[in-house]
Number of protein chains: 2
Amino acid sequence: MMNSDMELRHLRYFTAVAEALNFTKAAARLKIAQPALSRQVQDLEDEIGVDLLKRSPRGVTLTAEGKLFLEEARDTLKRVEDAVLKVRALARGEYGELQIGYAPSPSLELLPPALSAFRAAAPSVKVVLHDLAGDELTSGLHDGSLELAVMIQPSLESGAGLEFEELRRYPFYVAMPAGHPLSKLKTVTVERLAEEALVAFRRLDYSEYYRILDSIYPPPGPRPRIAVECDGVSSLITEIEIGKGVGLVSEIFQRAAGKRLVYRRLSNCQEFHRVGIARSIKGDVTPAGERFCEILRKVSKSGTSKSARPGSV
Amino acid sequence: MMNSDMELRHLRYFTAVAEALNFTKAAARLKIAQPALSRQVQDLEDEIGVDLLKRSPRGVTLTAEGKLFLEEARDTLKRVEDAVLKVRALARGEYGELQIGYAPSPSLELLPPALSAFRAAAPSVKVVLHDLAGDELTSGLHDGSLELAVMIQPSLESGAGLEFEELRRYPFYVAMPAGHPLSKLKTVTVERLAEEALVAFRRLDYSEYYRILDSIYPPPGPRPRIAVECDGVSSLITEIEIGKGVGLVSEIFQRAAGKRLVYRRLSNCQEFHRVGIARSIKGDVTPAGERFCEILRKVSKSGTSKSARPGSV
DNA sequence: GCGCAGCCATGCTTTTAAAGCATGATGAAC
DNA sequence: GTTCATCATGCTTTAAAAGCATGGCTGCGC
């Protein structure tokens, strides 16, 4: 109520007068007539109830109150200007916060180059990365705590309400310890693998693994026996290393896992490890998120990988 | 140019809509018609060039940009309001900074109670105290680094351009070590003191001391021999203690110095140690400074001291 | 499925207030 | 004392915000 008709105009005008220390010159700079300026500044002083300027026939001087108010007015004006710039930057995808989930090994080829390109394109966006297991990613996308995720295509159930955009596909390999019988073969057939014991991921955290398994080995038929379920990549490697069984992994896994294991191509398999962008169908897509996706697509196309791309099956 | 006709009104209106999530209700709360509100918010969005709200026939929702701008708008409005309050507080003497100089012993009775009363009356004023020698006070007042000082009445030369308001006057005493011949007398006459060696202050820093000396002992006549000049109270006490001479000090000095010395009243002396407020004649007197002076006067009147007050000579 | 209610936008008018113009008052400098 | 620059005041013009009436959209309930 008390200052309800103070406007930024008053601050702009007062600031101009305080800088010029002269109404006439300030009015010229503002491109308005001097009496209009005088009146607006008077209105401001009336509103505050304090004299901000001492008028004299040779110009004006600031009172102590005027000095204080000048600082505040400048600060406020700058703040408003910055607010507008921020909002515009946000709209252009160059400001804000971006919550990105990712599955570490599958995103190995895509995320690091995309992050560095994005950092160059939008340095004011704060990217928050979340290294999560498959189903933690889908739930994060659903509840909105993640805006997008770079991950393996989710299973139908957990992927409901999400859209998935495939960027890369990788053929499957069988991982085994050095000296394993299968290592004598050049490639392993689906049927041959069905006879092996399998070191798998935990169903709870990696339902997409079971989607793939179901797809390669449709339920009633024979499939590898699951010897143990692991909660992550490193335990998977260890379990295979100590001979609990073989692993069914994608090409990209090899690069992530290093040389502790031996790999053989799963030869007659039409299924691929599909890696791409997952997003909630109805979630707000921020411009920053959109921009990040564009960069991911570009990185994916221009990538130096030898692996097949979506179109080249 | 780009946001030169954005006004606080736009921020107020947008904030109201963002809070009500409904133009109609927000308009009612603002006591304006709904179309006026719609148009102002539209103007704001046009100005920024970004959609802040998503309209639907059942209300509005904030876009991500809208959320960001809402925070900024609230912040700006609060800032403006605070600025006005600060300026008003400054005008009332309840805000700002107050540079006060003081001479430690003479202000002993006045300053501590005044400071605590002022602190209670104007807690937001930052009081900066400067413990300085006599002539440092006067120069500080002249150059504007001090707004006021509680001190002994300055000499004519150094006090030019300053106004002095006497608050208290104290009779003079002769300070001497225990066992000094003068200590056998009940009081010391001016003539008797003229025969003694005097431990004085440095002329450079304490010209008012010499003003007083000249007043008690007008120049051509006899006066105490100055044995040594000291740069402060503690060295004065020490020099007297070790027998270099006696000191000419005021009643208030005793309380500051404690019981290391013995004091005898200077009996037939019309001169007093005058303590009060010194200010620059043309300097800006801030309301806080004015207020502090009022409190000083009140403290001085209501003080419990046994010393004479200005009127009661 | 259709009408109704709630909500927001648009077109036009009215009202408010800012801007402009002419002039007057003031005090410092010459 | 005159002059000049500077700010204030009175009145008019202009611009913009507010108001009013209305129309269109959409979701909900009958």
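Every chain is numbered from 1 and lettered A, B, ... according to where its sequence line falls, protein lines coming before strand lines. Just so you know, these numbers use all the heavy atoms, side chains as well, and skip hydrogens, waters and symmetry mates.
Rounding to whole angstrom units, CG of residue A/Leu37 and P of D/dT9 are separated by 14 Å. At whole-Å resolution of the value, CD1 in B/Ile32 and P in C/dC8 are 13 Å apart. Rounded to whole angstrom, the span from the CZ atom of A/Arg55 across to the P atom of D/dC7 amounts to 9 Å. For the pair B/Gln42 CD and C/dC8 P, the computed distance is 12 Å after rounding to whole Å. A straight line from CG of B/Asp46 to P of D/dA17 spans 12 Å, rounded to a whole angstrom. For the pair A/Leu53 CG and D/dT6 P, the interatomic distance rounds to 15 Å; values are reported in whole Å. Computed from coordinates, the A/Arg12 CZ to C/dA19 P distance equals 11 Å when rounded to whole Å. The CZ-C1' distance, from A/Phe23 to D/dT9, rounds to 14 Å in whole Å.
Put simply, B/Thr24 has no side-chain N or O that comes within less than 4.0 Å of OP1 or OP2 on C/dG6. Between C/dC8 and B/Ser38, no contact under 4.0 Å exists linking OP1 or OP2 to a side-chain N or O. The phosphate of D/dT6 has OP1 or OP2 within less than 4.0 Å of a side-chain N or O from A/Asn22. For B/Lys25, no side-chain nitrogen or oxygen approaches OP1 or OP2 of C/dG6 to under 4.0 Å.
Salt bridge status for B/Glu72 with A/Lys86: present, with a side-chain N to carboxylate O gap under 4.0 Å. Between A/Glu97 and B/Lys67, none of the side-chain N atoms (NZ, or NE/NH1/NH2) sits under 4.0 Å from a carboxylate O, so this pair counts as no salt bridge.
Checked against D/dA17, C/dA18, C/dA9, the side chain of A/Arg9 finds its nearest nucleotide in C/dA18. When the nucleotides D/dT6, D/dA18, C/dG27 are ranked by their closest atom to the side chain of B/Tyr13, D/dA18 comes out on top. Proximity note for A/Pro57 (side chain, C-beta onward) versus C/dC8, D/dA5, D/dG19: the nearest is D/dA5.
Summary of the strand contacts: B/Pro35 and B/Gln40 both lie near DNA chain D, and taking for each the nucleotide with the nearest heavy atom, the more 5' one is attributed to B/Gln40. Residue order along DNA chain C, read from the 5' end via each residue's closest nucleotide, puts B/Gln34 first among A/Lys31 and B/Gln34. Each of A/Arg58 and A/Arg39 lies near DNA chain C, and the nucleotide nearest A/Arg39 is the one positioned closer to the 5' end.
When the options B/Leu146, B/Leu132, B/Leu137 are evaluated for a side chain to side chain contact (heavy atoms under 4.5 Å, CB included) with B/Met151, the one that passes is B/Leu137.
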Requested in this report: Take B/Gln99 and B/His130, measure what side-chain hydrogen bond (donor to acceptor under 3.5 Å, both in side chains) needs, and give me the verdict at the end.
Outcome: CA-CA 7 Å; B/Gln99 306 287 336; B/His130 303 267; 2.6 Å; yes
Query raised in the report: When you look at B/Gln34 and B/Ser38, which way does the side-chain hydrogen bond (donor to acceptor under 3.5 Å, both in side chains) test go after all the steps?
Result: CA-CA 6 Å; B/Gln34 168 265 317; B/Ser38 284; 3.0 Å; yes
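Using a 4.0 Å heavy-atom distance criterion, A/Lys54 is classed as making no nucleic acid contact.
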